[in-house]
Amino acid sequence: ASTRRGLTVDVAETRWEDIGGLAQIKETLRRAVQWPLERAHTMQRLGIRPSRGVLLHGPPGCSKTTLARVIATQTRASFFSVNGAALYSAFVGDSEKTLRAVFRQARASAPAVVFLDEIESMVGKRLKESVGDSVQERILSTILNEMDGVDGAMDGVLVVGATNRIDMVDDALLRPGRFDRIVYVPPPDLLARREILAIQVKRMALCSDVDLDLLAQRTERFSGADLANLAREAAMLALRQDICAEEVSMADFDKALLVVQASLKEDVMQFYE
Ligand code: ATP
């Protein structure tokens, strides 16, 4: 991976099976993204205007970034990732230049996925009283120009946006032909937590007393990222106690549960429920 002013190009393989839960969302995305990327020419012949963008929104740590990566690797598309906060802090004028360069590169290497992470920090809602030429407005119009494209130039390029706060995203981005598919990525329920835990411990030597069903029950309001942290913490505890630790035990998970906190508390979830 290379990082330059908020732009990352990454080719690490990620698969649908690496994401626990979200069965229906995975299916919706598979249909929404595989066709425009893999059948761009057929769709054009049939006069179907492919979706330019998919916006993933929902609470933090619930696999929006991972979904975008899977979309790219599973369609063999190149993956370009731009982080909103990093982009916004770039030198004046550089943000738009970087964005245009990303889209140019993406078009040249189509099929491609352009991932715009933390999109609300790039293009928050415009304040009524704001006039003229703020950085945010220039970034917004750059994205709109690139997404609107000309004469199907965007074919084979899918824009995937992600945000924790869709209420703060400018409405102009949500119009048809732009992010016309909006997908809510919810926090994991009991079954999803069980699946995520199973994925996270797959490469760990586990003691037979580790009860993933019980852990799933005890991790209400944990995000996928919290569950990944929990598994990592349990393994670290096993390592710390015993220099020749062979397995991670339920006792390690019990101790890890005292350290790793659920991040999807009410104050966070108020934006989604
Ligand atoms: P943020 O909004 O904070 O950027 P995000 O929604 O983009 O978060 P990811 O970055 O995809 O979330 O998730 C963080 C990590 O949590 C992943 O690298 C993965 O290890 C784990 N994770 C999250 N959700 C899942 C899931 N459904 N299945 C497996 N692992 C998950």
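Atoms within each ligand, like the ligands themselves, are counted from 1 in listed order. For reference, positions follow the sequence shown, starting with 1. As the structure is a computational prediction, the values presented were derived from the model and not from experiment.
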- 4.5 Å side-chain heavy-atom contact, Val268 and Ser263: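 Not in contact.
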- Would you mind reporting whether Phe79 and Thr14 have side-chain heavy atoms less than 4.5 Å apart?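 Answer no - side chains too far apart.
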- Query: Does NZ or CZ of Arg165 come closer than 6.0 Å to the centre of the six-membered ring of Phe271, within 45° of the ring's axis?
  - Reply: yes
- Task: Compare every heavy atom of Ala68 with every heavy atom of Phe115, then report the nearest pair and how far apart it is.
- Result: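 In this case the closest contact between Phe115 and Ala68 is CD1-CB, 3.4 Å.
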- Item | Given Glu120, Glu118, Met168, the one that forms side-chain contact (heavy atoms from CB on, under 4.5 Å) with Thr163 |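 Exactly one candidate clears the test, Glu120.
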Nitrogen or oxygen contacts under 3.5 Å, ligand 1 side and protein side:
unit_1, atom_1, unit_2, atom_2, d
ligand 1, 2 (O), Lys64, NZ, 3.0
ligand 1, 2 (O), Asn164, OD1, 2.9
ligand 1, 3 (O), Gly61, N, 3.3
ligand 1, 6 (O), Cys62, N, 3.1
ligand 1, 6 (O), Ser63, N, 3.1
ligand 1, 6 (O), Lys64, N, 3.0
ligand 1, 6 (O), Lys64, NZ, 2.9
ligand 1, 7 (O), Thr65, N, 2.8
ligand 1, 7 (O), Thr65, OG1, 2.5
ligand 1, 8 (O), Gly61, N, 2.9
ligand 1, 11 (O), Thr65, N, 3.4
ligand 1, 11 (O), Thr66, N, 3.0
ligand 1, 11 (O), Thr66, OG1, 2.5
ligand 1, 12 (O), Ser63, N, 3.0
ligand 1, 16 (O), Ala225, N, 3.4
ligand 1, 20 (O), Gln200, NE2, 3.3
ligand 1, 27 (N), Gly20, O, 3.0
ligand 1, 28 (N), Gly20, N, 2.8
ligand 1, 30 (N), Gln200, NE2, 3.2

- Ion pair check, Asp211 and Arg218, cut-off under 4.0 Å: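 No, no charged N to carboxylate O under 4.0 Å.
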